[in-house]
There are 2 protein chains.
Amino acid sequence: MFSIGDLSRRTGVKVPTIRYYEQMGLVSAPERSEGNQRRYSRQELERLAFIRHARDLGFAVEDIRALIDLSFHPEQPCGHADKIAQEQLASVREKIARLRRLEAELERIATCCDGKTVGDCYVIRALSDHALCADEHV
Amino acid sequence: MFSIGDLSRRTGVKVPTIRYYEQMGLVSAPERSEGNQRRYSRQELERLAFIRHARDLGFAVEDIRALIDLSFHPEQPCGHADKIAQEQLASVREKIARLRRLEAELERIATCCDGKTVGDCYVIRALSDHALCADEHV
DNA sequence: CTTGAAGCTCTAGTGACTAGAGCAATTACA
DNA sequence: TGTAATTGCTCTAGTCACTAGAGCTTCAAG
């Protein structure tokens, strides 16, 4: 049996976060010691590792809940799991594209400031005047 | 004079968000009509456009507050504004790098699922077993 | 003059935690 | 066995940048 601290060290999920996951129903409430402390089995450790892994990959808690539900029904077609992963991939790609545009814009703004005072600072001017933007960033 | 709705349409900032910015002190409380409705000047429109632009570029509200303060002191050296922009650029680049790693991982996970049921779904297995990961993603 | 859109204030909710207070239980060591 | 340090417990509230909704008032058009 593992204490909540053991679980935390082994999975890298912080202690309050584990309790938060329990409250959200992502991990089930474990057994308790005589003194009311949480005691986890290996199964619960693995489940938390799964969650940690999925969170690292940017899955939303709701997605993770769906994936866990699916993993309890191994006989079901896996189209749903696949769809969740595909959607997550699409969303990550979108974020990357958006951030790339911001990067370009910021590079332009942050590198050509050669003014000495705020009055002729390119950063401030660029932010004041959207027309200075190379292209629309939404 | 513009109503809050005019301002919203012209800047693309939603009406409740404008009121929220006022509460946060990002935009100052404008004049009111006889019937207590907000009436904005062109200057306030421009300020909101500035904020919108900076938010689009991912600046935090605190950063924007600092940039606005700076823009009221055009005689100051602009090193601070430049620093804020540089930091924002660095943070955007970091996010891009991180998302790229996630993208690679998700591609691997989401494209090689050829199982029929959840039982042999690669998505689920990959999430369960961190060891399947090509490299560490933090 | 009426009707419907737009405005007002206020409170509470979002997601995914994080921080802190004030206790109780456990563990390590003497 | 004693005690001190660490870890655990519950509960509330805070974070960020909004967003939603209730219940009301004001404004502009026809």
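Chain letters run A, B, ... following the sequence lines, proteins first, then strands; residues in each count from 1. As a basis for the values below, the full set of heavy atoms in this structure was taken, side chains included, without hydrogen atoms, waters or symmetry mates.
Across all strands, B:Arg19 comes closer than 4.0 Å to base atoms (heavy-atom distances). B:Phe59 comes within contact range of no nucleotide atom at all, as no heavy-atom separation falls under 4.0 Å.
For the 3.5 Å distance criterion, the side chains of A:Ser91 and A:Glu94 fail to qualify, holding no donor opposite an acceptor.
Here the P atom of nucleotide D:dA17 and the CD1 atom of B:Ile64 are 8 Å apart, to the nearest Å. B:Ile4 places its CD1 atom 15 Å from the P atom of D:dA28, with the value rounded to the nearest Å. When rounded to the nearest whole Å, the span between OH of B:Tyr20 and C1' of C:dC10 equals 17 Å. As a whole-Å value, the separation of B:Ile18 CD1 from C:dC8 P is 9 Å. Following rounding to the nearest Å, B:Arg39 (CZ) and D:dC27 (P) show an atom-to-atom distance of 7 Å. Remark: C1' of D:dT10 and CD of A:Gln37 are 13 Å apart, rounded to the nearest angstrom. Computed from coordinates, the B:Ile51 CD1 to D:dA17 C1' distance equals 13 Å when rounded to whole Å. As a whole-Å value, the separation of B:Phe2 CZ from C:dA6 C1' is 17 Å.
The shortest distance between the side-chain N/O atoms of B:Tyr21 and the OP1/OP2 oxygens of D:dC18 is below 4.0 Å. Taking only side-chain nitrogens and oxygens, B:Arg52 never comes nearer than 4.0 Å to OP1 or OP2 of D:dC18. Taking only side-chain nitrogens and oxygens, B:Ser33 comes nearer than 4.0 Å to OP1 or OP2 of D:dC27. Distances shorter than 4.0 Å separate none of the side-chain N or O atoms of A:Arg32 from OP1 or OP2 on C:dT26. For A:Lys14 and C:dC17, the shortest distance from a side-chain N or O to OP1 or OP2 is not below 4.0 Å.
No side-chain heavy atom of A:Arg52 sits less than 4.5 Å from a side-chain heavy atom of A:Arg10. No side-chain heavy atom of B:Gln88 sits under 4.5 Å from any side-chain heavy atom of B:Leu57.
Between A:Arg55 and B:Ser3, the residue whose closest nucleotide on DNA chain C is further toward the 5' end is B:Ser3. Along DNA chain D, the nucleotide nearest B:Glu34 and the nucleotide nearest A:Arg38 are compared for position; the residue whose nucleotide lies closer to the 5' end is A:Arg38. Each of B:Gln23 and B:Val15 was assigned the nucleotide of DNA chain C with the nearest heavy atom; the assignment lying further toward the 5' end belongs to B:Val15. Each of B:Ala60 and A:Arg9 lies near DNA chain D, and the nucleotide nearest A:Arg9 is the one positioned closer to the 5' end.
Side-chain N or O atoms of A:Arg65 include one that pairs as donor or acceptor with a backbone N or O of A:Met24 at under 3.5 Å.
Here B:Phe59 contributes atom CZ and B:Glu87 contributes atom CD; the two are 10.0 Å apart, rounded to the nearest 0.5 Å.
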